[in-house]
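Report on one structure; see the data block that follows.
Lettering of chains follows the sequences in order, A, B, ..., and the numbering in each one begins at 1.
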Amino acid sequence: MSTQLKSLLNPEQYEAATNLEGPLLIIAGAGSGKTRVITYRITEMLNQGINQSSILALTFTNKAAREMAGRVKELVGRKLPQLTVSTFHSFGVQILKKHITLLGWRENFSIYDTNDQRSLIKECARELKWSLEYLDFGHCMSTFSRIKTRRSKWSDPEIDDSLQPLYEEYQSHRKLYNALDFDDLIRLPIDLFQQHPQVLEEYRKRYKYIMVDEFQDTSIQQYEMMKLLADGSRNICVVGDDDQSIYSWRGANFDNIRNFERDFPELREIKLEQNYRSTGTILDAANHLIKNNKNRKIKALWTGGDGGKPIELYQPQDERAEARFICDMIQTLNLKEQIHYHDISILIRTNALARGIEEELMARNLPYRITGGTSFFERPEVKDMISYLRCLANPDDDISLLRIMNTPRRGIGKKTLEHMTELAQSQGMSLYGAMQALVLANDSPIGKRARADIEDFLELISEFRPKLLSGKDLAQSLRALIAKIDYWGHLVGEHPNNERVAKFKLRNVELFTSSLEQWEKDPDNLSPSVFNYLNRITLAGKDDDDSEEGKVNLMTIHSAKGLEFDVVFIAGVEENIIPHQRSLEENDAGSYEENMEEERRLFYVALTRAKMKLYLTSCQQRKVMRDLMSMTMSPFIEEIPEKLIDIKEPDTEISEEEAHNYFELMKKKFAAVEE
DNA sequence: GAAGAGTAGATTTTT
DNA sequence: TCTACTCTTC
């Protein structure tokens with residue numbers, strides 16, 4: 001195998017793939033065959049007789065995890081059920097699923113996403129009788145996150161310590177509801193390892209070989225977790241590229257590369273600098289751009305390939321012209337150069353930019369796939385279903401309970417809720433607990449009718465809870481539940497004059513149910529419990545339609561990391577978009593200069609996704625929220641040498657007046673002919 | 001307790 | 001433009 005491997009990899013790649021023992025730092029430039037090295041490295045381990053269950057590969061996104069697992073399977077040619085390839089967050093859930101009771105939590109915990117978190121903060125603020133008007137949730141959540149991940153303390157000068165009571169309230173509510181937020185998924189396993197060394201020992205014994213991909217984007221917490229696990233065997237391999245660090249706003253810290261060098265001084269370092277992906281032109285442009293960043297490891301990415309075509313920059317009139325241009329180009333490329341749709345990608349800085357482009361793609365019947373953005377799972381009707389499932393799994397989950405308690409309307413209104421909240425607050429129980437107490441109480445403060453309504457609701461929960469917890473026929477049970485609560489009737493009632501909307505929503509509910517069914521019937525799925533399903537969808541979102549080939553990819557630059565395409569369009573290459581205006585504001589993630597460097601890295605990531613051809617578009621005008629803004633080209637364009645980029649003249653559009661005059665002229669001409 | 005009208009605010013990136 | 005929340009009325 002090893003000789004064969006030698007012919008498949010270049011010397012540095014070979015080194016990286018075959019050095020299995022001891023700490024290893026791989027600095028892998030864009031397109032240097034990083035994924036290839038990792039997958040071959042895992043294969044090499046298996047070939048050397050290392051047990052698949054001893055291998056742990058941690059990635060940053062679910063997409064990366066899926067892809068890595070898929071490629072290894074393909075290389076090895078068999079299924080590897082004991083191999084752990086997972087994101088940090090999912091791995092955290094896995095650990096907590098087994099051991100969370102040691103930390104004083106109950107099983108079947110809920111995981112709160114950003115929206116749930118927001119609702120909970122709102123709830124807490126209400127309870128503290130704070131005015132919601134001036135409460136900035138973004139600020140709250142980022143502060144809470146800093147405190148929780150111990151990046152900051154309340155006494156730190158940059159921290160708004162007036163939020164501390166709210167934080168305490170938030171924390172105690174989560175405990176009461178048995179609900180974890182994303183930060184907990186990393187933080188609690190660390191606590192567990194520190195408080196229960198025997199558990200840590202168990203994991204160290206199992207995972208003898210650890211690999212971390214996209215290491216430049218790990219947070220201090222994730223690094224800590226990784227270090228705890230690796231400190232037994234010290235067979236730890238991290239792969240990263242400081243030039244592609246684009247998540248500092250989420251606590252990613254590329255100082256981790258330095259920390260790694262400090263904590264594992266015996267490490268071996270390998271640099272992969274040959275780029276196999278892009279043409280010379282693209283690489284040259286990217287290198288010139290990134291050179292402007294001061295805070296980076298020196299690297300010289302080179303390619304043996306030829307120059308390739310110049311980068312083209314177009315300046316359409318506005319975002320609609322931009323969408324039309326991109327679609328025209330895609331159709332031409334597909335027709336004349338036989339480029340497959342799935343080898344083309346349109347990259348955008350913000351999700352909001354997707355809409356206009358999506359509309360045009362749709363109008364032309366161009367098949368496309370959109371990654372990220374407002375997820376299917378955030379649609380109100382789907383969220384209802386999720387909340388039902390969550391409540392059945394964990395009735396103490398107040399945030400979900402609040403959502404479904406009166407959806408469809410069952411007479412549990414504001415007044416009743418007030419009573420329940422009061423009771424729950426004074427007794428330190430969840431709303432569900434309060435409901436049970438109210439029904440049992442003799443001197444109940446609520447009316448007979450409301451009491452009967454609550455009873456009905458509790459009955460519903462106790463009827464379906466065992467069905468859902470049985471782990472069998474989940475979709476079937478959910479369908480029964482939907483019928484029982486007459487959700488269709490509810491939808492029709494909500495949209496009295498619009499059956500189409502109601503039907504659309506019902507279709508989404510059905511889509512959701514069948515996605516659950518598919519997941520549960522998947523033979524590779526070893527434990528199809530509601531709990532696992534819920535975790536999966538909050539952590540991973542909708543199943544990517546990876547199977548659906550032949551579609552143009554539309555996504556943010558962030559979600560394009562790690563991917564490559566023959567042709568890449570970058571839309572909205574304008575000042576205030578790339579770099580993004582709000583990202584530059586000095587904030588707790590960094591200074592203006594640091595943020596500018598991160599935006600530059602982001603643009604670098606975007607450029608280096610392209611293999612053959614890059615098109616950039618910079619609109620002259622753009623509709624931002626309601627008003628039309630005049631736009632200028634991104635300052636990053638100037639950092640790319642002129643000879644590499646072909647800047648087209650701005651498109652001129654016929655103004656309405658000119659068009660009018662033209663038609664008048666034509667009319668006269670025709671009139672003249674008729675005479 | 002429910003429904004409808006009216007109003008204010010919102011778009012940076014993801015687990 | 002759209003959504004989420006508040007206020008008013010039935």
- Message: Does B/dT14 have its OP1 or OP2 closer than 4.0 Å to a side-chain nitrogen or oxygen of A/Thr61?
- Response: no

- Rounded to the nearest angstrom, tell me the gap between atom CD in A/Gln244 and atom C1' in B/dT13. 16 Å

- Query: Counting only distance, no hydrogens or angles, is the base of B/dT15 paired donor-acceptor with the side chain of A/Thr114 under 3.5 Å?
  - Reply: yes

- Query: Would one find a side-chain N or O of A/Lys122 under 4.0 angstrom from OP1 or OP2 of C/dA4?
  - Reply: no

- Task: Please work out if A/Asp453 contacts a base, only the sugar-phosphate, or nothing of the nucleic acid, heavy-atom cut-off 4.0 Å.
- Result: nothing

- Item | Criterion side chain to side chain contact (heavy atoms under 4.5 Å, CB included) against A/Ile578, the qualifying member of A/Ile570, A/Leu602, A/Leu347 | A/Ile570

- Message: Under a 3.5 Å threshold, yes or no: a donor from one side chain and an acceptor from the other, between A/Asp398 and A/Tyr177?
- Response: yes

- Message: Students often get this wrong, so: under 4.0 angstrom with heavy atoms, is A/His89 touching a base, only sugar-phosphate, or nothing?
- Response: base

- Taking CZ from A/Arg118 and P from C/dC5, how many angstroms apart are they, rounded to a whole number? 8 Å

- Query: Start at the 5' end of DNA chain B and walk down; is the nucleotide closest to A/Asn406 or to A/Phe60 reached first?
  - Reply: A/Asn406

- Message: Counting the atoms with a prime plus P, OP1 and OP2 as sugar-phosphate, which does A/Thr350 contact under 4.0 Å by heavy atoms, base, sugar-phosphate, or nothing?
- Response: sugar-phosphate

- With stacking defined as ring centroids separated by under 5.5 Å and planes differing by under 30°, is A/Trp249 stacked against B/dT13? yes

- Just by distance, do the side chain of A/Asp318 and the backbone of A/Ala321 share a donor-acceptor pair under 3.5 Å? yes

- Polar side-chain contact A/Arg250-B/dT14 base: donor and acceptor under 3.5 Å: yes

- Taking the six-membered ring for Trp, are A/His490 and A/Tyr487 ring centroids under 6.0 Å apart? yes

- Note on the structure: Here the distance between atom P of B/dT13 and atom CD of A/Gln581, to the nearest Å, is 14 Å

- Message: Any carboxylate oxygen within less than 4.0 angstrom of a Lys/Arg side-chain nitrogen, looking at A/Glu358 and A/Arg355?
- Response: no

- Task: Calculate the interatomic distance between A/Asp217 atom CG and B/dT13 atom P; express it in whole Å.
- Result: 16 Å

- For B/dT12, does OP1 or OP2 lie under 4.0 Å from any side-chain N or O of A/Arg582? yes

- Heavy atoms under 4.0 Å, any strand shown: does A/Phe88 hit a base, just sugar-phosphate, or nothing? nothing

- Note on the structure: On DNA chain B, more 5' by nearest nucleotide between A/Glu599 and A/Ile412 is A/Ile412

- Message: It should be established whether A/Thr416 places a side-chain nitrogen or oxygen under 4.0 Å from OP1 or OP2 of nucleotide B/dG1.
- Response: yes

- Phosphate OP1/OP2 of B/dT12 contacted by A/Asn351 side-chain N/O (<4.0 Å): no

- Query: How close or far is atom C1' of B/dT15 from atom CD1 of A/Ile246, stated in whole angstroms?
  - Reply: 14 Å

- Query: OP1 or OP2 of B/dT15 less than 4.0 angstrom from a side-chain nitrogen or oxygen of A/Asn535, does that happen here?
  - Reply: no

